[in-house]
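As a basis for the values below, the full set of heavy atoms in this structure was taken, side chains included, without hydrogen atoms, waters or symmetry mates.
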Amino acid sequence: MEKEQIKQNLKSTHTWVRILFIILFVIFYGVSEAVFSVMVFFQIIHGLVAARPNERIVRAGTSLSKYMYQLLLYMVMKSDEKPFPFNEWPSIEE
C-alpha cells in the first residue's frame, strides 16, 4: 500500500466513525456476555428444579445470541449494518 493511500485512510472520517462504533459495540458485547451468563445460570437452576428448560429464557437467550452475532459481524467488518440500537432487535422464529 502506498504512503499516500495510508495517509488518506487515516484522514478518512468514515474510518474513525467506524472505529468509534466498534469500541461502542465491544462494550455492548461485554454487557451482553454478562447478561447471557446470568441467563445460563438461571436456566441451570430452573432445569434442576423443574426438570425442563424455561421457555422465556430460551427465547430471550436465542434473541440475545443473535444480537451478539450481529455485534461480532460488525466488529470484524463482515457487515456494515449497525446492530441494535441503530436497527431493530433481532427476532426469533417461533
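- Looking only at side-chain heavy atoms (C-beta outward), Arg52 and His46 come within less than 4.5 Å of each other.
- In this structure, Met39 CE and Arg56 CZ are separated by 12.0 Å, a value rounded to the nearest 0.5 Å.
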**Asked** What's the verdict on side-chain contact (heavy atoms from CB on, under 4.5 Å) for Phe42 and Asn54, showing C-alpha distance, side-chain angles and the deciding distance?
**Response** CA-CA 9 Å; Phe42 281 114; Asn54 181 309; over 6 Å; no
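- Both Val26 and Tyr74 belong to a common hydrophobic cluster when Ile, Leu, Val, Met, Phe, Trp and Tyr are linked at side-chain heavy-atom distances under 4.5 angstrom.
- Linking Ile, Leu, Val, Met, Phe, Trp and Tyr residues whenever their side-chain heavy atoms come within less than 4.5 Å leaves Tyr69 and Phe36 in two separate clusters.
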**Asked** Hey, mind stepping through Glu81 and Leu73 against side-chain contact (heavy atoms from CB on, under 4.5 Å) and telling me if it holds?
**Response** CA-CA 9 Å; Glu81 189 172 331; Leu73 290 179; over 6 Å; no
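- Contact annotation: the side chain of Gln70 never approaches that of Phe84 to less than 4.5 Å [non-hydrogen atoms, C-beta and beyond].
- Under the 4.5 Å side-chain heavy-atom criterion for grouping Ile, Leu, Val, Met, Phe, Trp and Tyr, Ile19 is not connected to Met75 through any hydrophobic cluster.
- Formation of a donor-acceptor pair under 3.5 Å by the Ser63 side chain with backbone atoms of Arg59 is not found in this model.
- Clustering ILVMFWY residues whenever any of their side-chain heavy atoms sit less than 4.5 angstrom apart, transitively, puts Leu20 in a cluster other than the one holding Leu10.
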**Message:** Before you tell me yes or no, could you show the steps for Tyr67 and Leu64 under side-chain contact (heavy atoms from CB on, under 4.5 Å), namely the whole-Å CA-CA distance, both residues' side-chain angles and the distance that decides it to 0.1 Å?
**Reply:** CA-CA 5 Å; Tyr67 175 64; Leu64 183 58; 4.2 Å; yes
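- Here Asn9 contributes atom CG and His14 contributes atom NE2; the two are 11.5 Å apart, rounded to the nearest 0.5 Å.
- The side chain to side chain donor-acceptor pair (under 3.5 Å) analysis of residues 16-42, with sequence neighbours excluded, yields the pairs Arg18-Asp80.
- Cluster annotation: Met77 and Phe21 are assigned to the same hydrophobic cluster (Ile/Leu/Val/Met/Phe/Trp/Tyr, side-chain heavy-atom contacts under 4.5 Å, transitive).
- The OG atom of Ser79 lies 11.5 Å from the CG atom of Leu72; values are rounded to the nearest 0.5 Å.
- Rounded to the nearest 0.5 angstrom, Ile27 CD1 and Leu71 CG are separated by 11.5 Å.
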